[in-house]
Amino acid sequence: MIVILGLDGLEYEYVKEFNCKHLMQASFGKTDISMFSEPRTVVIWSSFLTGKNTEKEALKDLWNFKVKPEETFFAAFNSWKAIDVPGFTYVKERHAKEREAMKKFFDGKISVEEFDRIAFENHRLEKEEFFSALEEGYEIVMGYFALADVIGHLSFGLKIKMKIIYKELEEIAKKTKKFAEKILIISDHGMRAVGRFGDHSNYGFWSFSEELKLKNPKITDFCEMIKKRFE
Amino acid sequence: MRYKEIHSTTSAQKHCAGMEQKYLNTFLHSNWSVGYNRSVNKMQAVDYSYLDELEARSIFIIREAYYRFRDKLAILWSVGKDSTTMLYLVKKAFLGEVPIPVIHIDTSCKLEEIYAFRDKLAKEWNLKLIIAKNEQALKAGMSPEKGRLECCTALKTEALRQVVEEYGFKALLAAIRRDEHAIRAKERAFSPRENFTWNYKAQPAELWNHYATKEESALHFRVHPMLHWREIDIWRYIKRERIPVVSLYFARKVNGKWLRYRSIGCKPCCTPIESKADTIDKIIEELERTKIPERAGRAQDKEREYMMQKLRALGYM
Amino acid sequence: MLGVVFVGSIDHGKSTLIGRLLYDTNSLPKEKIEEVKKACEALGKEFEFAYILDALEEERKDQITIDMAQTFFSWKGKEYCIIDAPGHKEFLKNMLTGATQANAAVLIVSAKDGIEEQTKRHAFLLKLVGIEKVIVAVNKMDLVNYSQKVFEKVKRELKNYFSSLGIKACFVPISALKGDNVARPSEKMSWYEGKTFLEILQEIEKEKRGLNDFRMCVQDVYEKNGEKIYLGNIASGEIKIHEEVKIFPGSKRDEVVKILIPQETRHAKFPKAIGIVLEKENLARGYVLAKATEPLEINELETWIFAIDKIENEKYDFCCSTQKVKCFVEIKEKIDLNNLASAKASVLENGDVGRVKIKLEKPVFMERFAVLPELGKFTIERENYTIGGGILV
């Protein structure tokens with residue numbers, strides 16, 4: 001089984017600083033996302049899935065944009081499952097809640113803790129769905145976790161807090177190892193601190209369970225690699 | 001503060017309001033006051049006589065600065081509560097007079113109440129007011145839109161530099177406090193500045209209250225008589241001495257929300273906090289309960305605005 | 001507010017102890033800790049003290065070792081100001097700046113690494129700036145298996161050193177990281193029968209002044225409405241209008257005509273900063289006013305001083321409160337801080353402690369430090385630059 005762990009907003013520098021061995025795996029590095037005008041979540045993930053720059057199409061209706069399974073690398077597999085992947089199997093309402101909460105926070109209506117609570121709840125659901133999918137014997141499973149990105153937007157500058165979030169993702173990576181030999185951990189973009197907040201950085205993160213000699217791969221390069229099952 | 005103002009809604013406060021009038025009167029007419037003691041979690045008589053020590057220490061530093069620098073000394077007044085308290089202490093130090101010129105750095109976009117208060121107090125206290133304004137930059141259209149750091153540098157730092165040069169000031173009295181920020185904690189009472197920059201890595205020794213000022217022509221000094229005061233000490237002192245402060249610090253209802261400024265400055269870069277504290281007592285109580293540092297609000301404002309814009313661009317909001 | 005200076009090497013756990021204190025007394029900026037706590041809860045993780053340390057570390061990053069910093073906390077109704085002073089010899093003047101603002105000191109020693117030269121230097125310097133209340137926190141007990149033997153060894157060595165200096169110190173074995181004996185008693189050190197760190201700290205009270213008589217040093221002369229007003233802080237005691245004061249130098253007597261605070265008042269007492277008008281005498285900065293008893297007239301003094309810059313057999317300025325006179329410093333001996341042996345010397349460098357003879361060109365009026373610190377402390381300056389100091393014992 002091949003597992004792809006999509007970790008939205010995972011920042012390369014923090015992975016290194018917090019010494020997250022399970023996230024770093026056998027080889028890791030930064031991804032090139034310079035082909036996009038802005039590092040937007042839906043755009044980058046859908047481009048990752050299809051191996052093409054989907055920016056133009058996606059921008060027409062960002063949060064409703066969906067690519068077809070035939071267009072993605074999943075088409076090369078007999079059985080697949082993609083959980084909550086942006087631009088594909090995204091659970092709209094779940095994440096719309098997050099965005100609403102973000103707006104409320106900036107309007108001064110709710111506190112950071114209240115915002116975080118919504119992110120943690122969604123995370124719990126994503127985790128449940130992901131680990132059940134791993135037991136069902138698919139050829140390829142892609143899980144998606146938005147935690148680092150969502151919490152990061154409001155708290156990336158608070159290293160202590162982010163350390164805990166990264167620790168959690170570490171544990172998910174560790175647990176996944178029990179199910180698959182080929183694991184690709186990938187993020188759409190990283191983050192950079194703006195005071196206590198987090199803005200998107202202009203590079204992403206990748207890591208693989210085996211030695212992969214990649215030098216600054218474009219996010220669209222992975223599609224082919226996955227289709228070829230990394231051989 | 002009258003006895004009536006202590007009457008409020010919490011049971012702890014009711015308890016105090018129920019105390020014998022005579023007992024309370026003693027409190028009000030001396031250094032004692034009824035305040036909320038956080039560590040004991042109830043209303044208790046809080047001893048404010050320690051304010052005398054803070055006051056005496058500040059006056060000593062102010063008088064020392066005047067002795068060393070005489071007419072080459074000036075006061076930096078932002079019209080905020082800290083510098084107004086410092087100004088009050090200068091007035092006390094010199095027996096009711098303010099013989100030192102007062103500089104107000106005017107970015108021309110301060111909140112209106114600041115200007116009104118400034119002019120009123122300047123008149124009442126007979127201040128030698130110098131207004132520092134970078135006319136050139138303002139004419140050229142400088143504003144926070146060009147970048148907050150650039151704006152502050154041009155309209156504040158540059159304006160001050162011009163005034164200091166024009167009048168030949170060698171030392172400035174500034175009201176910074178150690179508890180404002182981690183790095184402020186390192187400041188000295190008499191702090192040398194080379195070309196307006198602070199070399200925090202090489203500060204002079206300040207043993208007890210012996211302030212040695214090595215005077216060289218290029219060196220300027222910042223004198224900080226308020227270093228040892230905390231935010232809450234300033235408010236308690238303001239209450240005790242009945243020092244006038246800008247109304248912006250007190251809560252008002254704006255568009256259905258109760259807001260007040262914890263820290264004041266220029267209109268575009270200053271955001272109020274949600275608070276119902278509309279009297280000094282309530283502000284003190286709020287401070288006794290909260291642990292959020294004062295400047296937290298200010299720095300976060302700039303970042304908050306940046307994030308809001310960015311998140312919109314990324315499609316989040 | 002009790003000012004407590006924390007001295008010791010960072011590696012001995014000074015910042016961990018400060019972090020632990022703030023944490024155990026609930027004095028940390030709640031907002032940051034609350035968020036972290038809630039995140040842990042939501043993810044089913046335990047909130048560890050190590051997170052607090054990380055938070056504090058982040059805030060102080062590369063500013064940590066260089067200069068002093070202040071943090072406040074309250075415990076059982078008392079307020080404390082922690083003055084965190086750097087340990088390294090290079091930053092001694094910063095450590096002393098911090099120490100002179102304190103009423104008590106905490107010396108942190110690691111049970112694992114034991115006593116270093118730095119530890120002894122700090123202890124001596126604390127004595128020289130007049131701090132008599134010292135708590136020695138023997139930290140990192142968790143790394144030596146909470147061994148009573150190790151603790152007693154450190155205690156013995158330091159106690160000997162301290163008693164030769166005349167310092168009375170309290171010793172407490174702690175683990176700042178694990179929290180043993182800081183706020184709560186340790187189950188792992190049942191052999192220890194003393195109080196916890198916080199309990200000991202709680203018992204420290206600010207010294208009560210030993211002098212009740214009026215003392216004031218003139219800081220400046222201010223002219224207002226044709227009157228000469230002498231400005232200064234009352235160092236001790238009180239003054240009433242029409243009372244007679246004795247003026248030093250000169251021993252002349254004069255009557256107090258006005259007391260201004262700044263409004264005219266009949267009476268003022270310590271610690272007020274006042275303005276005073278006398279009947280006839282003409283004074284200047286540096287004069288000392290006294291009532292009832294007289295201050296000690298010092299023309300020459302042989303004592304220990306600490307140096308924060310080079311001091312030689314030279315002419316310098318001697319400063320005590322607002323008094324400043326020219327003096328000649330003759331260095332007799334330098335003290336070896338390790339074994340307290342003295343050797344003849346003619347130069348003192350930064351960090352040295354020496355026995356000197358100071359001859360003053362004009363008399364200076366002082367009190368013993370234990371009696372009145374304001375008139376008991378002195379500094380030595382060279383061209384307006386502080387190079388050393390000490391106290392009158």
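Throughout, a chain's letter reflects where its sequence line sits, starting with A, and its residues are numbered from 1.
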Could you tabulate the donor-acceptor pairs under 3.5 Å formed by side-chain atoms of residues 4-16 of chain A, not counting sequence neighbours?
unit_1 : atom_1 : unit_2 : atom_2 : d
A:D8   : OD1    : A:H189 : NE2    : 3.4
A:D8   : OD2    : A:W45  : NE1    : 3.2
A:D8   : OD2    : A:Y144 : OH     : 2.5
A:E11  : OE1    : A:M191 : N      : 2.8
A:E11  : OE1    : A:S201 : OG     : 3.4
A:E11  : OE1    : A:Y203 : OH     : 3.4
A:E11  : OE2    : A:E13  : N      : 2.9
A:E11  : OE2    : A:Y203 : OH     : 2.6
A:Y14  : OH     : A:F156 : O      : 2.8

Counting only heavy atoms not in A:K30, do more than 12 fall under 6.0 Å of its NZ? yes

Do A:K103 and B:M308 make a side-chain contact, defined as non-hydrogen atoms from C-beta onward lying under 4.5 Å apart? no

Look up atom CE in A:M102 and atom CE in B:M307, then write down how far apart they are to the nearest 0.5 Å. 7.5 Å

Among residues 89-100 of chain A, residues within the sub-4.5 Å heavy-atom range of chain B, in order of number, are A:R99

Using non-hydrogen atoms and a limit below 4.5 Å, what part of residues 52-60 of chain A faces chain B? none

Listed partners of A:D32 passing side chain to side chain donor-acceptor pair (under 3.5 Å), at least two apart: A:S34

